[in-house]
Every structure is written in structure tokens, then in C-alpha cells.
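Worksheet: one structure, shown below.
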Protein chains: 2
Amino acid sequence: MGITKTDLFTENQNEIAILAKAIAHPARVAIIEYLIKVNVCICNDIVNELPLAQPTISQHLKELKNAGIIKGNIEGNAICYCINEPVFYKIQGLFGAILPIQNKCC
Amino acid sequence: MGITKTDLFTENQNEIAILAKAIAHPARVAIIEYLIKVNVCICNDIVNELPLAQPTISQHLKELKNAGIIKGNIEGNAICYCINEPVFYKIQGLFGAILPIQNKCC
DNA sequence: TTTATATATTGCAATATTACGATATAGTTT
DNA sequence: AAACTATATCGTAATATTGCAATATATAAA
């Protein structure tokens, strides 16, 4: 199989999973961290920053963009990327919202 | 390939990625939410709660345990599962720590 | 308009993930 | 001990992910 049965879970559970999956690769974590550091940059800056080939970076950027975590605007012949703040705050909200635990199990 | 080049990234970046990957499946999100709700339960409760086969649940539990998000203690012939609080708080810390954004890009 | 720069897409190989039936293991009850 | 309950592991099929070379596309500069 290898196919996730998304229809068996709630929309919220799937949303959390999709956002988490977008972050579930060190290169994408690095991209996010870099974007936060420099605020705005073009794709080529990221290619120069990370030790991965340009098509690989492009692919990771696409996944981050699909998840809504970053956005990119055309600027001349380059593309200006930045964090998509609302979604980013949503992520922090999602993981924060799970919070109240009170288990005295093991 | 299909293999993540973890050696090219920092330990912190890899750690965030590993924790995010553990959450990157709706079934595992559902398990976490359930464990938070009931505090403590045995594996079979989760099998009854979720619409997936027992070996599939067992596999997801293993991944959550490997990531350190949950822990399980033998209790008779059953296994008592619960959230591993320190790691759980760490997750919230990690995603919270990325926070300060100030981009006026697009 | 040729050349250079920036990014995306395609195609492919290697590996990982998801899901589950069948089966193994181990404690519990009868 | 035999039967039952709870969980893990094995094996396998289907699909997804990762990474990159080659190539396409599109704007900019010369």
C-alpha cells in the first residue's frame, strides 16, 4: 500500500499531519530557519546556503509552498521567498493546543 | 535515492525533522490526541478506537515510541501507553522557538 | 539577439512508508 | 496444560519520498 487512509481521520488530524510532514525533513527545517533569519530571499540564496542540488531545493520549496508554510513572489527573473506568517502561527497554535497533559502512568 | 542526507544538517535540524515526522501521519496524531484525552490506556484500547488493523496500530505506536513521544510499560499481558511529557513539551518548545518573524516580503 | 541568470519540470534510481494477513510471543485464565 | 487475550514481528504489495542530471522556461543583461 504506502497510501495514507486520510478519509478515516478528521480534517484537523489530517491538517496537523500535513503541516508536520512539511517540516519532517532537515532541509526544509533549514530552509525555514534561514527564511526566518534573513526574512526575505530569492531561491538561489537558499541553493547557495544549503548543500543540496538546485532541483532538490526547488522540490523542497514546492512542498513548503504546498503546505502553505512559505510563499514566493516573482521579482524580475528571480522568485522572492518568505515565511507565510498566518500558517506559521497556526502551526505553533496546533502544537500548543494539544498541551494539557496530566498522566501519571509509568 | 529516497535517503535523507542527515549528515549535511545540524543535530537540531535533524531532531526537529524526526519529531515532526513522528507526527506526520493522521493516525499518529489521533493516537496522541487519544492518549492526551484518556491519560493512560492499553494498546488494545487504541486498536478499538482507530479504524486500522492491529499490526498497523502497533507499527505506528512503535514509531511514536522511537521518537520518544510516548512510552509503554508492561502491565500483565497488556502494555500501558502514555505521553512522554518531557519530549512532548520539547516539541512545543521547538516549534515555539522558531517564532520571531518580521518579514514584509510579498 | 545572443548570452547569462534564476527557477521549474521531467525522468529515473534508490530507499522509505503504509497497511495488513499470517504468525509468533507472552502473560492470564480456566 | 489448553484456551484466551494482548501485542509484536515478518513478509509483502502498493505507493511515496529523496536526490539529482538533464532539460525546459523565462526574464535580464550585453
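Numbers restart at 1 for each chain; the letters A, B, ... are given by sequence-line order, proteins then strands. Every heavy atom of this structure was used, including side-chain atoms; hydrogens, water molecules and symmetry mates were not. Owing to the predicted nature of the structure, the values given are computational and were not obtained by experimental measurement.
Between the CG atom of B:N66 and the P atom of C:dA16 there is a distance of 14 Å, given to the nearest Å. Protein atom CG of A:L8 is 14 Å distant from nucleotide atom P of C:dT18, rounded to whole Å. For A:N44 and C:dT7, the CG to P distance is 5 Å, given to the nearest whole Å. The distance from atom CG of A:N14 to atom P of C:dT18 is 13 Å, rounded to the nearest whole Å. Protein atom CD1 of A:I57 is 11 Å distant from nucleotide atom P of C:dA8, rounded to whole Å.
Contacts of B:I42 with the nucleic acid, taken as non-hydrogen atoms under 4.0 Å apart, involve only primed sugar atoms and P, OP1 or OP2.
By the side-chain contact (heavy atoms from CB on, under 4.5 Å) test, B:K5 pairs with A:L52, B:D7, B:L8, sequence neighbours left out. Remark: B:N77 pairs with no residue by the side-chain hydrogen bond (donor to acceptor under 3.5 Å, both in side chains) rule, at least two apart or across chains.
Atom CD1 of B:I91 sits about 3.5 Å away from atom CD1 of B:I69, to the nearest 0.5 Å. Taking CD1 from A:I57 and SG from A:C43, the interatomic distance works out to 7.5 Å, rounded to the nearest 0.5 Å.
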_Protein-to-nucleotide contact annotation, 5' to 3' order, nucleotides 19-26 of chain C [B base; S sugar-phosphate only; - none; under 4.0 Å, heavy atom]_ = BBBB----
Review item, side-chain donor-acceptor pairs of residues 15-28 of chain A, under 3.5 Å, at least two apart:
unit_1 : atom_1 : unit_2 : atom_2 : d
A:E15  : OE2    : A:K90  : NZ     : 2.6
A:H25  : ND1    : A:A27  : N      : 3.0
A:H25  : NE2    : B:T4   : OG1    : 3.4
A:R28  : NE     : A:A22  : O      : 2.7
A:R28  : NH1    : A:H60  : ND1    : 2.9
A:R28  : NH1    : A:E63  : OE1    : 3.0
A:R28  : NH2    : A:K21  : O      : 3.2

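Nucleotides of DNA chain D that come within less than 4.0 Å of any heavy atom of chain A span, from the 5' end to the 3' end, D:dA13 to D:dA28.
B:N14 places no side-chain N or O within 3.5 Å of a backbone atom of B:E11 that could act as its donor or acceptor partner.
Here side chain to side chain donor-acceptor pair (under 3.5 Å) pairs that include residues 46-56 of chain B, with residues two or more places apart or in two chains, are B:N44-B:N48.
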*Determine, step by step, whether A:D45 and A:Y81 satisfy the side chain to side chain contact (heavy atoms under 4.5 Å, CB included) criterion, reporting the C-alpha distance in whole Å, the side-chain angles of both residues, the deciding distance to 0.1 Å, and the verdict.*
CA-CA 10 Å; A:D45 295 336; A:Y81 278 106; over 6 Å; no
